[in-house]
Structures are given as structure tokens and as C-alpha cells.
There are 2 protein chains.
Amino acid sequence: MAITIKLIAQKSGFSASTVSHAISGRNPGKRSLSPETINKIRAVAQEMGYRPNLLAAGLAQSKTYAIGVLVALLRGDFYERILEAITEVVWPEFSPLLAVHNYDLQRERREIDLFLGKRVDGVIAACSGREENIEAYQSIIKNYSMPLVFVDRGLNGVDCPVVRGDHEKTAFLAAHELQKLGHKRIIYATAGAKLESTELFKDGYRKAMGEAGLEPIVLHPDLAVWNKQINRQLAADVVDQVRRGDGPTAVVCQVDWLAYDVLAQCELHGLKVPDDVSVMGLQDCEPSALPAISLSTIRVSFEDVGRQAASVLLKLINGEDIGRQTFMIEPSVIMRGTTRAI
Amino acid sequence: MAITIKLIAQKSGFSASTVSHAISGRNPGKRSLSPETINKIRAVAQEMGYRPNLLAAGLAQSKTYAIGVLVALLRGDFYERILEAITEVVWPEFSPLLAVHNYDLQRERREIDLFLGKRVDGVIAACSGREENIEAYQSIIKNYSMPLVFVDRGLNGVDCPVVRGDHEKTAFLAAHELQKLGHKRIIYATAGAKLESTELFKDGYRKAMGEAGLEPIVLHPDLAVWNKQINRQLAADVVDQVRRGDGPTAVVCQVDWLAYDVLAQCELHGLKVPDDVSVMGLQDCEPSALPAISLSTIRVSFEDVGRQAASVLLKLINGEDIGRQTFMIEPSVIMRGTTRAI
DNA sequence: GTGAAAGCGCTAACAG
DNA sequence: CTGTTAGCGCTTTCAC
């Protein structure tokens, strides 16, 4: 048994409530304590190595000092960066309770249930995008009045703030930069899940092509699951197109990791980058800056996404009304070695 | 207010304790419920969207359904892989409560305090290696009787199981493979913190060199902090050595990311890899498999480290006695394109 | 089979 | 300035 407030009360000769106040430093009913009392109590507590049971405190206050963070995956230069930023912002008041849904419907539901059961003080989620779980998300807000913030993409029918990169602009910029370099036949490739974000990326690309009076070409296989093999296959398809007589002179990949595969396939088929074809990624993942890769890309600061999401959540927790605003992080162009003017 | 057991009791016409038993499916005092009762209660609960408050349940049972996971950082192809594996193993009984110490002494202490305050059911930690916090870790075990498992490295004076890669063997294998390729002058470089693990890596390298009757050369700058710039500088130093008349013909880097910098520096100075110098990493990070990098390395499965750590923790939570055993994950050799025979 | 009652450790009125 | 009391929502002994 760990040591409790009662013990401290006994040892210090005060009552439990006095101890509680002295330790917490709060004072609800305008209660005031003499400095000596406070010091004495704190000294005893210190000496005995007393650490308040936050669970019990939480039960009494309906507060858990934890927020739920639900991500799709834990790898890929994306969620971990968001997660890290969130952790920093809410520290030390809240600890992130981590959950991963892996785009699995049941799993996503279950994770939300766990958050609910644990009565976390708020939730930040990168949803799977599946409509089947709309209700689950709604119940977070409606039945439990827990603050909820979506990252990277929203979900139709769920009324809460969304913090994400400006996907549309991100893809727009990529196509636009390539156009500035003289490219006209630009292909867009993605193996992304059927998410709001995936669509926005494509929209941005299409918009850039439309404004320039160019024909958009989108490669987006319709898949239920995703794995590395799929990226490779998609990259092979892209390169196939490029090698055609009238094929694209440039390709935009929805995420840098896909672009790496395209680079690899180019090499495999004797295509020189950027001489024979220009390649751009989106999102600026870590390896892109390595000289051996040197991928031109559009950077999105996931750190900013995480930070912003966390601070919006904190506001919500503090009772501010945010509505269902969307907060967007600005992308920026990073031209490296895989693109050239033609 | 969320809905409580009392409400369910009222609506279903049973008492709170009966409801509790029906819902949880447990039966402590050999209590038995009629199936109809169970069904009826469950139906009502279902209908009202009842979700037991795990906090309250936890308070009553001294169980929190959460484990603390303390890592050094959240990026770098390492902790997130461990974290993901842990999450999968403990799911759905426990949720990981995430904490990051970033090698900061105060921060580490504070994170431990938070775990203690939250009364998590167990802790998995990648400690900072600083002795100042030995007591904090000890109090997890001694004062709070919480199960504790270290990952990647232990801490002298803290009596608990450690799960980690076989660091010594990992570095040994790297040097050994290079020796098999005919290399005699092999340099070892690291910018690692002063951790048990860092020392073990060096030991393994030295052992391999010793057994082969070769002179070990270790480059290990003595630093308080770490940043990307440091890796680059270290890589530059390595390449400096290589370019000397009688310099090393091969280099082993304690982590793949350092090797990437070495590769970059080589290119910068006109050194061909592997023609002029062979380069090996350790740990097999994601980018190493990219054709543009194709780094020879020694693979350590962090997934296995995480899984093993989690399952040891579960055993500890279930009351098994593990002592302070060290569980080691076997490394495996992965030769790619940055090494050659001479 | 089921209910009553005490209690987990802490907080927050309400008294004094 | 400080103590008493009544919960927070659930579990669990004990009694019927």
C-alpha cells in the first residue's frame, strides 16, 4: 500500500482536508491556511515520500490528467512527430494515453471506448475515415462532453475542430513548381486510404493542372489494405507510364516514401532522375534530406500540426468554444535534386 | 454527467452490486447470477450506452489499466518501433501512458513521479542512464511495488529485468563481417550518450578486434547534448581519418543514421563507397534498405525488444517473479551495398 | 440468487 | 484558520 493523505493527516496532526489543501495549493471555498501549517504538512509529506493518488483525486474532481491520442499507425515519419509535439504541449498537466487503430474499424471503436471508459480529459484523433465510426466519435462529444480535436482530416458528421496541413495547397504547390520548371505532363500518384485528406491532395493537384490548362493524370489504386508491396507496385506503374512515348515528364507522389520507391524503380529501368524525369514528394520525411536521396518535396510541419492540435484541445478543455473550425498549417516548397527545368 | 451503475441498477430493478457483477462477468465471492438477470442488465446497459468508469473501478481495485512507457525520444526509428510493439502486446487490457525524458534529468524524475501519482500498473522505461535518478526508479519498485522493466539498457542499482538487443554481439558482428571481407583497419564511431548500451557496443567491437589481433580505433566525442550537427561533425572526423595515408579501410557506425552522414561526407570528399572505404551501420533503420542508400548493417528487431519487454511486464503484473534477468534479442547480419572485400 | 453497506483516496461544501 | 461530513463510481464482503 502506498501512503495516503490520512497517514499524513495523522502524522502532521491535521485533518485530511487541511492536508489536501496544503498539498494541492488550491483553495476552493476561499479557504486559507497559515504558512506554518502548509510548511509543516509539506515537510511531513516530503519526508514520507507522499504522492497524491491522482486516480482518487480525479474521481473526486471528474478529471483524469490524461488525454487520449488516437493515431492510425506509429511509424512513417508522421504520427510520431505529431505525437511528440502533443506530448510537449500538454506536459506536465496531461499525459497522453496512446491508442493505435491501424485503419481497423473494430479497433478504432474499441480504442474510443477505452478513452470513454477512462474518462480522459480530451481526445486528439487521426480517424480512419470510416463512416461506421461516426457515432462513436459523436458520443465522445455528445454523451461524454469530452473535448475532441481531429488531426490531419475530419470526419463528416462529427462536429469538432480539425487541425491539419493545407493538403490542397500542398499538392497544388508541387504541381505548380513543376509547371514553373516547364513541365506539362505531370502525373500524380497515391496509395492513400479513402480519407478526406487524400481527396484534398488530389483536388489541389487537379486545380493546379486545371489552372494551367493541363490534363491531370491521377494514379490511385483502390485498395482495402496497404503494405510496402503496394507502394512498389504503384511506383512500377508510374515508371511504366513515364517510359511511354508520350509519357509524363514529372511525377508527384503523395508522400515521400512513395517517391523513394519511384526513384528506385527509375533506377531499375535505367531512367535518370532528374534528367529523364522529375520526381517530387509531399510532406518532407526525414530521409529526403539525405544527399543520396535529395528529394524535392513540399514540406509540412507535423510538429506544428501536433502543437496546434494540442493547444486547441487545451482551450477546449478550459471551456473555450471553438466550434468546428479547421486550422491549417502552411506548406513550404523545398526543391532539392530530383527536379529540373525542361 | 455520464451514466453510472446506479442508474442502470434503477432502470433494471437490481442493486448496484448485482449490476456490477453482471457487467464485469467477474464473481469474487463465488457469487452466481441467473442468466436472465445477466441478460436483462446487459441489455439495459447496452441501451443506455453505459460504460463503466474505469477510474472508479481502478480506485476500488487498485488497478488502473494503464502502464507507463518512458522513452528518451520519440523519433529516430527506434522508440516508436518499441512503443508500437508494446502497444500491441498489452492491448486492450492496458493503455500505454506515454512519457518522454529527452535525456533531461529533471524531466525524467518528473515523468516517474507522474507514473507514480497515476498509480500505473507497471512501467517500461528506457532510462537516461543518469545515476541521479536511480532512487526514483528504485522507489517505483520498492515504495510502490510497481513492476518495472527496462528496455535497451539497465541502470546499476536498480533491480529489475532488462530487455534489449545484444549490443555487444551486434557490434562484434559488424567488425567481424568486415574482417571476413579482409579489412584490418576498422574504425568505430559513435556519438551515443553515456549509457550502458553505448559501452556494450564498444566492448563488442573491441572484442572482435582483439580476437583478430587488430588495433581498435574508437571515435567517441564526449558530449553533454546531442544534435544533428554533431553527427555531421563526427562523420567528417571519420572521413578525415579515412583519407590519411594509413587510414581505416572500413568504418562501423553505432547507428545507421550516423552512417548516412558518413556516406554523405565520403561523397563530399570524393571517396567512393565501397570502393575506397566500406561503411557499416548498426540497427537497420528504415532508409537503409532504400536502393539509393543500401547500407550494410546489423539488424536488431526493436519490435522484438518491445514485444518481449511488454510480455515480461505482463508476467510481472501477474505476480510472476522474474528477478533481474536480462533478455537479449539476437542481431542478424544484413550485407548490402556499402561494403566490399579487399 | 440478490441486496446492503463499507470502503478505495481524495475533494469540496459547510460548519465552526 | 481548520475540522467534519458527504460524496465521486465502482467493487466486495457479508448477510439474507
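Only this structure's heavy atoms are used, side chains among them; waters, hydrogens and symmetry mates stay out. All values reported here derive from a predicted model rather than from experimental measurement. Proteins get letters first, then strands, A, B, ... in listed order; numbering begins at 1 in each.
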> Out of B:R42, B:M48, B:Q46, which one pairs with B:V44 under the side chain to side chain contact (heavy atoms under 4.5 Å, CB included) rule?
Replying inline: B:M48
With 3.5 Å as the limit, what N/O pairs link the protein to nucleotides 4-7 of chain D?
| unit_1 | atom_1 | unit_2 | atom_2 | d |
| --- | --- | --- | --- | --- |
| D:dT4 | O4 | A:S17 | OG | 3.1 |

> Which atoms form the tightest heavy-atom contact between B:D121 and B:K63, and what is the distance?
Replying inline: OD1-CA, 3.5 Å
>> Using a strict heavy-atom distance below 4.0 Å, which residues from residues 36-58 of chain B are in contact with DNA chain C?
In response: B:T37
>> From NE2 of B:H21 over to C1' of C:dA5, roughly how many Å is that when rounded to an integer?
In response: 14 Å
>> Classify B:G117 by what it touches in the nucleic acid, base, sugar-phosphate, or nothing, heavy-atom distance under 4.0 Å.
In response: nothing
> What is the distance from CG of A:L59 to P of D:dC10, rounded to the nearest Å?
Replying inline: 9 Å
>> Rounded to whole Å, please give me the gap between OH in A:Y144 and P in D:dG9.
In response: 12 Å
> Taking atom C1' of D:dG9 as reference, at what distance in whole Å does atom CG of B:L7 sit?
Replying inline: 11 Å
>> Is it true that A:T18 and A:S15 share a donor-acceptor pair across their side chains at a distance under 3.5 Å?
In response: yes
>> Without decimals, in angstroms, what is the distance between B:I23 CD1 and D:dT12 P?
In response: 15 Å
> In whole Å, what is the span from the CD1 atom of B:I3 to the P atom of D:dG9?
Replying inline: 11 Å
>> As an exercise, state the distance from CD of A:E303 to CG of A:L83, rounded to the nearest 0.5 Å.
In response: 11.5 Å
>> Counting only side-chain heavy atoms from C-beta out, which of D:dC8, D:dT12, D:dC1 sits nearest to B:S20?
In response: D:dT12
> Is A:E132 atom CD crowded by more than 12 heavy atoms from other residues, nucleotides or ligands, each under 6.0 Å away?
Replying inline: yes
> Looking at the rings of A:F115 and A:Y144, which for Trp means the six-membered one, are their centres under 6.0 Å apart?
Replying inline: no
> Where do B:K118 and B:T64 land on the side-chain hydrogen bond (donor to acceptor under 3.5 Å, both in side chains) test, with the steps shown first?
Replying inline: CA-CA 8 Å; B:K118 296 227 160 107; B:T64 57; over 6 Å; no
> Between B:Q10 (CD) and C:dA4 (P), how many Å, whole number?
Replying inline: 13 Å
>> Centre-to-centre under 6.0 Å for B:F78 and B:F302, is that the case here?
In response: yes
> If you check every side-chain atom of A:F14, which of D:dT12, D:dT2, C:dG9 has the closest atom?
Replying inline: D:dT2
> Closest heavy-atom contact between B:V163 and B:Q308?
Replying inline: CG1-CG, 3.5 Å
> For the pair made of NZ in B:K118 and P in C:dC10, what is the distance, rounded to whole Å?
Replying inline: 15 Å
